[in-house]
2 protein chains.
Amino acid sequence: MNLKELSQNLGLSQTTVSRALNGYPEVSTATRRRVEEAARTFNYSPSTRAKGLATGKALAIGHVIPLSSKHEMVNPVFGDFIAGAGETYSRNGYEMILSIVPDEDERRIYQGLKSRRAVDGVIVHGPVMDDPRIPLLHKLGLPFAVHGRASVNETPYAWLDMNNRNAFKRATDFLFDLGHRRIGLVNGLEFMDFAHRRRNGYTASLSDHGVTPDPALMRSGEMTEDFGYVSARQMLALDDAPTAIMCSSMISALGVRRAIEEKGLVMGKDVSVISHDDVLSYLKNGGDTPIFTATRSSVREAGRQLAQMLLDAIENPARPPQTKLLEAELVVGCSTGPAPRKD
Amino acid sequence: MNLKELSQNLGLSQTTVSRALNGYPEVSTATRRRVEEAARTFNYSPSTRAKGLATGKALAIGHVIPLSSKHEMVNPVFGDFIAGAGETYSRNGYEMILSIVPDEDERRIYQGLKSRRAVDGVIVHGPVMDDPRIPLLHKLGLPFAVHGRASVNETPYAWLDMNNRNAFKRATDFLFDLGHRRIGLVNGLEFMDFAHRRRNGYTASLSDHGVTPDPALMRSGEMTEDFGYVSARQMLALDDAPTAIMCSSMISALGVRRAIEEKGLVMGKDVSVISHDDVLSYLKNGGDTPIFTATRSSVREAGRQLAQMLLDAIENPARPPQTKLLEAELVVGCSTGPAPRKD
DNA sequence: TCAAAATTCCAAAGCGCTTTGGATTTGCTC
DNA sequence: GAGCAAATCCAAAGCGCTTTGGAATTTTGA
């Protein structure tokens with residue numbers, strides 16, 4: 001069923017039917033009802049392609065997920081993020097277009113999305129510190145919004161970020177308050193902006209408390225379970241082992257816990273652990289009382305909000321780019337306790 | 001830059017330029033070269049919408065991810081699967097369109113994709129045993145391919161599945177060979193087809209070995225870490241605790257291990273564990289020697305292949321639906337060992 | 001009651017591409 | 001060099017929609 005058929009069916013012109021369906025005022029309430037009714041029964045909806053051609057809008061947002069050869073891993077955060085973004089899109093009649101590409105192709109992909117006029121804007125995932133995509137997208141004139149931030153960047157752009165620095169600063173402060181002085185960090189890859197900021201928060205807390213950062217207690221890598229395990233294991237094997245560990249992801253934290261328990265130690269008593277929790281649906285942090293003390297911020301909610309920001313920006317290109325900084329909450333679970341006394 | 005401008009620039013007609021770009025034979029090699037060259041320098045690619053409108057194809061595949069209220073979780077398998085599928089699409093010039101929807105809306109979504117002519121076909125994720133989407137898509141006449149299978153279904157359709165039953169049968173057999181007789185099952189939600197099949201494999205092995213399934217040893221739920229933990233904990237608290245546990249996901253297996261170690265037991269010695277491993281990128285199963293003995297099948301590879309099957313089916317609608325059954329391999333890690341002797 | 005103002009509708013152009021049917025040019029054959 | 005096939009190109013229609021610029025009808029005001 002297309003517009004022509006539908007309008008013939010109703011004995012109206014295509015114009016009128018189109019206007020009725022798109023809420024234009026120059027059509028009487030009675031005919032509008034009649035048209036809507038008919039559209040429903042005939043199961044008519046306008047072809048996205050034709051509509052897009054006619055209006056010059058794509059009614060679609062692109063998500064480009066880089067798959068770096070350096071870290072051949074789909075960020076697990078991603079599934080929940082797009083679930084959130086998707087809610088916003090479907091509420092607003094937008095389609096979500098996904099490209100997962102080796103990152104050496106990324107430039108070409110953005111070029112392509114632009115020149116094929118396939119999307120009205122894009123969401124940038126996983127920004128690194130000096131992210132080349134931001135100037136590129138500016139140059140292409142393709143509206144965009146970033147999940148996270150790029151520290152090194154002159155021109156303003158739209159972003160939504162969790163306050164990574166503050167979250168890790170506060171959490172580390174919390175460990176100091178519990179009496180810990182040797183605190184390890186199991187971080188993500190530190191060319192990623194979020195990891196860089198978390199580390200800053202961590203070291204800021206250390207120096208606030210007169211502690212010099214010890215390279216032996218600072219790890220950075222892909223946040224797998226195994227990485228958490230290996231990192232914690234090595235730290236705990238030190239003569240001067242840490243009594244607490246800050247961890248950048250729940251999955252790595254599971255590995256950290258494994259290393260602790262393997263050594264016959266008890267998490268929350270011998271070694272305290274704080275993790276960042278993205279509230280991923282398949283990784284519920286315990287039941288009533290959370291297992292891990294964690295800095296928490298829902299990535300799904302972030303998806304919802306950032307998508308909305310991008311749609312607003314597209315709607316209203318004149319407005320200066322919006323930004324939003326979400327604060328993580330610190331939930332106290334069973335994985336932290338007072339620093340053990342020195343024997 | 002559009003076709004018109006490009007062709008004016010070249011002093012050719014739109015027809016010729018279009019034909020040159022699309023590889024039609026009625027254009028000389030020389031002009032073809034010239035056109036391709038120009039397209040490259042002017043960064044031209046045809047508008048997907050216009051092309052779609054003219055050809056009647058969408059050049060896009062839809063992935064509809066249901067977000068059940070029953071299990072408000074984004075299947076973690078999903079990220080890797082679409083990474084695989086995405087590779088195939090981009091190689092073939094297709095776009096991937098993602099909709100994440102509450103599953104009561106799912107019917108409407110498929111209707112919409114069809115009537116808006118937004119996609120040429122869809123991939124069905126997470127089939128349940130008697131999946132209503134299959135007859136629905138048949139009725140709509142929207143080409144589709146299923147990742148997994150629906151046990152209860154008359155009409156043939158395209159699918160790609162891992163041999164869940166066989167994987168779990170063989171793995172359970174392996175445990176029997178090691179001398180285990182009390183074997184637990186920590187399964188996914190059993191209205192999901194894959195979980196149902198795994199259970200069948202498990203019980204088939206039990207009855208092959210003359211063991212009656214014990215409901216106390218069979219758990220089914222969302223495959224979170226916590227679910228694994230709670231399930232294993234309860235099983236291990238039994239008088240007649242299992243000496244081995246089959247587990248449906250690596251994430252739950254991490255929870256199972258936690259329960260084992262919390263009890264002061266050693267995995268692979270006191271309690272053996274076999275998990276299914278979807279080879280998710282962020283959950284590497286150990287380094288050189290895998291931690292878990294596991295049935296293994298890459299879901300990313302599945303994505304690649306199923307996407308190709310769907311594209312083939314779209315290309316060639318006459319051909320009967322293709323199907324493909326992948327066998328999982330059994331990799332032996334450190335989590336299994338001979339059944340402990342009874343004291 | 002009649003002109004002016006609203007209201008309600010429509011024909012046709014245009015969005016950027018593909019493709020049909022035909023026109024023009026080139027290359028060969030004799 | 002005439003005649004014909006092959007090679008090369010083009011104008012125009014059509015894909016399904018929106019939107020412009022009016023036309024036809026109804027309502028309103030004095």
Side-chain angles (χ1 to χ4, degrees), chain A residues 1-36 38-39 42-60 93-95 112-120 315, chain B residues 1-36 38-39 42-60 93-95 112-120 315:
Chain A
M1 172 69 58
N2 60 22
L3 223 210
K4 194 171 168 188
E5 291 163 19
L6 182 64
S7 55
Q8 281 170 351
N9 228 300
L10 284 160
L12 293 171
S13 76
Q14 298 191 34
T15 312
T16 306
V17 174
S18 170
R19 283 186 166 153
L21 255 21
N22 290 313
Y24 280 71
E26 48 280 79
V27 56
S28 70
T29 327
T31 42
R32 188 188 307 275
R33 285 254 174 71
R34 208 158 63 87
V35 170
E36 280 167 350
F42 288 117
N43 225 314
Y44 166 81
S45 27
S47 149
T48 334
R49 287 194 295 286
K51 187 165 186 160
L53 233 206
T55 57
K57 327 200 70 199
L59 292 176
Y94 273 72
E95 228 84 74
L113 286 176
K114 167 78 181 180
S115 63
R116 293 199 315 272
R117 278 138 290 179
V119 298
D120 295 320
E315 197 91 351
Chain B
M1 171 67 59
N2 59 21
L3 224 211
K4 193 170 167 189
E5 291 163 18
L6 182 66
S7 56
Q8 282 172 351
N9 228 299
L10 283 160
L12 292 172
S13 75
Q14 298 191 33
T15 312
T16 306
V17 175
S18 169
R19 284 187 163 151
L21 257 19
N22 291 312
Y24 280 70
E26 49 276 83
V27 55
S28 71
T29 327
T31 41
R32 187 187 307 274
R33 285 254 174 71
R34 207 158 65 88
V35 170
E36 280 166 349
F42 289 118
N43 225 313
Y44 166 81
S45 26
S47 150
T48 333
R49 286 194 295 286
K51 187 164 185 159
L53 192 52
T55 57
K57 330 200 67 198
L59 291 176
Y94 273 73
E95 228 85 71
L113 287 176
K114 168 77 180 180
S115 64
R116 293 200 313 272
R117 278 138 290 179
V119 298
D120 295 321
E315 198 91 352

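As the structure is a prediction and not an experimental result, all values here were calculated from the model. Chain letters run A, B, ... following the sequence lines, proteins first, then strands; residues in each count from 1. We use all heavy atoms of the structure for the numbers below, so side chains are in, but hydrogens, waters and symmetry mates are not.
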Practice task
Assess whether atom CD of B:E315 is packed by more than 12 heavy atoms of other residues, nucleotides or ligands within 6.0 Å.
Solution key: no
Exercise for the section: Could you tell me the separation between the CG atom of B:L53 and the OG1 atom of B:T48, rounded to the nearest 0.5 Å? Expected result: 12.0 Å
Handout entry: Length of the CG-C1' vector between A:L21 and D:dG16, whole Å
Key = 13 Å
Practice task
Specify the separation, in whole Å, of atom CD of A:Q8 and atom C1' of C:dA11.
Solution key: 14 Å
Handout entry: Phosphate OP1/OP2 of C:dG16: any B:S47 side-chain N/O under 4.0 Å
Key = no
Practice task
With sequence neighbours excluded, give me every side-chain hydrogen bond (donor to acceptor under 3.5 Å, both in side chains) pair touching residues 1-13 of chain A.
Solution key: A:S13-A:T16
Fill in the blank from the handout: Hits for salt bridge (Lys or Arg N to Asp or Glu O under 4.0 Å) against A:R32, two or more places apart or cross-chain, chain-then-number order -> none
Completion exercise
Under a 4.0 Å heavy-atom cutoff, the residues of residues 25-36 of chain A touching DNA chain D are none
Handout entry: side-chain contact (heavy atoms from CB on, under 4.5 Å) involving A:A38 - partner list, sequence neighbours excluded
Key = A:L6, A:L10, A:F42
Practice task
Under the side-chain contact (heavy atoms from CB on, under 4.5 Å) rule, collect the residues that match up with B:L59, sequence neighbours excluded.
Solution key: B:K51, B:Y94
Handout entry: Integer-rounded Å distance: D:dG14 C1' and A:R49 CZ
Key = 14 Å
Practice task
Specify the separation, in whole Å, of atom NZ of B:K4 and atom C1' of D:dA12.
Solution key: 13 Å
Problem - Residues in salt bridge (Lys or Arg N to Asp or Glu O under 4.0 Å) contact with A:R116, at least two apart in sequence or another chain - result: B:E95
Practice task
Estimate the overall bend of the helix from C:dT1-D:dA30 to C:dC30-D:dG1 from the end axes over five pairs each, rounded to 10 degrees.
Solution key: 40°
Fill in the blank from the handout: Residues passing the side chain to side chain donor-acceptor pair (under 3.5 Å) test with B:S115, sequence neighbours excluded, are A:S45
Handout entry: Listed partners of B:S47 passing side-chain contact (heavy atoms from CB on, under 4.5 Å), at least two apart
Key = A:R117, B:R49, B:A50
Practice task
Please list, chain by chain and in numerical order, all residues satisfying side chain to side chain donor-acceptor pair (under 3.5 Å) with A:T55, sequence neighbours excluded.
Solution key: none
Practice task
Sugar-phosphate means primed atoms, P, OP1 and OP2; the rest is base. With that split, encode nucleotides 18-25 of chain C 5' to 3' as B, S or - using protein heavy atoms under 4.0 Å.
Solution key: BBBB----
Handout entry: With sequence neighbours excluded, residues passing side-chain contact (heavy atoms from CB on, under 4.5 Å) with B:R33
Key = B:T29
Practice task
Report the distance from atom CZ of A:R117 to atom P of C:dG16, rounded to the nearest whole Å.
Solution key: 7 Å
Problem - Rounded interatomic separation in angstrom, taking CG from A:L12 and P from C:dT7 - result: 19 Å
